[in-house]
Amino acid sequence: MSRRPLLALLPTLIGTLLCAPATQAQDQVLNIYSARHYQTDEALYANFTKATGIKINRLDGKEDELVERIRNEGTASPADLLITVDAARLEVADALGLFQPVKSKLLEERVPAGLRTPTWVAFSTRARVIVYNKVALKREAVQNYADLATLALKGQVCMRSGSHPYNLSLGAAMIAHEGEARTEAWARGLVANFARSPKGGDTDQIKAVAAGECGVTISNTYYLVRMMRSTNAQDQQAINAVGIVWPNQASWGTHVNVSGAGVLKHAPHREAALKFMEYLASDEAQAYFANGNNEWPVVKGAAVANKELSALGSFKPDALPIGELAKTTVQAQKLFDRAGWK
Ligand code: FE
């Protein structure tokens, strides 16, 4: 073929390329099953559609229900992607074989290796920190997760359920670093120190600590930052009454967890799903995690315009790869059950 006919075709080619997004907008869809419970995520989805023309159908639900649904739907499942929070939950889906391998150069470049597995990828991180009542306790008394299980804190500890993934992942990290026996002893000590039976979420524990119902708890960081940014007077009062400690700075570091996503094995729109995964690692989406839900971006250098989140400062995070941590969450559940952490 000579050059001339090709050149003659150029205007047509350019015309086709320019028209492409409009056509795709009608044809391309992405079906997301989401167990993230943050309203601020709306902007994430809307901007993806704006940028790619791919329409998102989202089914929101509880993790267990979504996983059960994907299993029941089997090869006929319309779901392309599962997005959820906490490595423990991602591991449940992965162990059931619901994901397919993710292959993306872009994700490999942008997401640190310790925050990816062959099947799912983390897009934001949060830390599980110690929160104490500044009047009731001295900061020095609550420097490590282990401190909460010592006799000195009898009747002072409030915690959410031991079956909750946030605590299971913390238990998993502890098992990886200290072994099962020590982790079980810790759980028993913790339960013995409870001021009340586990109830409510992390925010409820923070409020109970602030009100003096208990002296100390463990919470994910974004709940604290949310309260810091709240204009509600009671939230402000509560957050001012508590101190925040990065646990285990002299040992294995503070437990860090993630939110993440994986492409489902029978995804009808595999390419769109991968595109969405890559979008979640874009500067724009990364900024949403930070500014919308007060989580840290996983991509180095992603902008954080959230002064309360920045004010938390830096700390030594647990260096355990997230995929490795996820593997011991089932063990953690058995061990917490034995320890009576309901
Ligand atoms: Fe949460």
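Reckoned from all heavy atoms, side chains included, excluding hydrogens, waters and symmetry mates. Atoms within each ligand, like the ligands themselves, are counted from 1 in listed order.
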Does anything in residues 197-298 pair up under disulfide (SG to SG under 2.5 Å), and if so which pairs, sequence neighbours excluded? Cys158-Cys214
Point-to-point distance, once rounded to the nearest 0.5 Å, from OG1 of Thr183 to CZ of Arg188: 12.5 Å
Hey, is CZ on Arg182 packed in by over 12 heavy atoms from elsewhere, all under 6.0 Å? no
Any salt bridge linking Arg110 with Asp283? Criterion: basic side-chain nitrogen under 4.0 Å from a carboxylate oxygen. yes
Using a 3.5 Å cut-off and no angle test, enumerate the donor-acceptor pairs between side-chain atoms of residues 313-320 and protein atoms at least two apart in sequence or in another chain.
| unit_1 | atom_1 | unit_2 | atom_2 | d |
| --- | --- | --- | --- | --- |
| Lys316 | NZ | Ser251 | O | 2.4 |
| Asp318 | OD1 | His177 | NE2 | 2.7 |
| Asp318 | OD1 | Leu320 | N | 3.1 |
| Asp318 | OD2 | His177 | NE2 | 3.0 |

Atoms named by residue and atom, protein N, O or S, within reach of the Fe ion (ligand 1) (under 2.8 Å): Tyr166 OH, Tyr222 OH, Tyr223 OH
Would you mind listing every disulfide (SG to SG under 2.5 Å) that reaches into residues 246-342, with sequence neighbours excluded? none
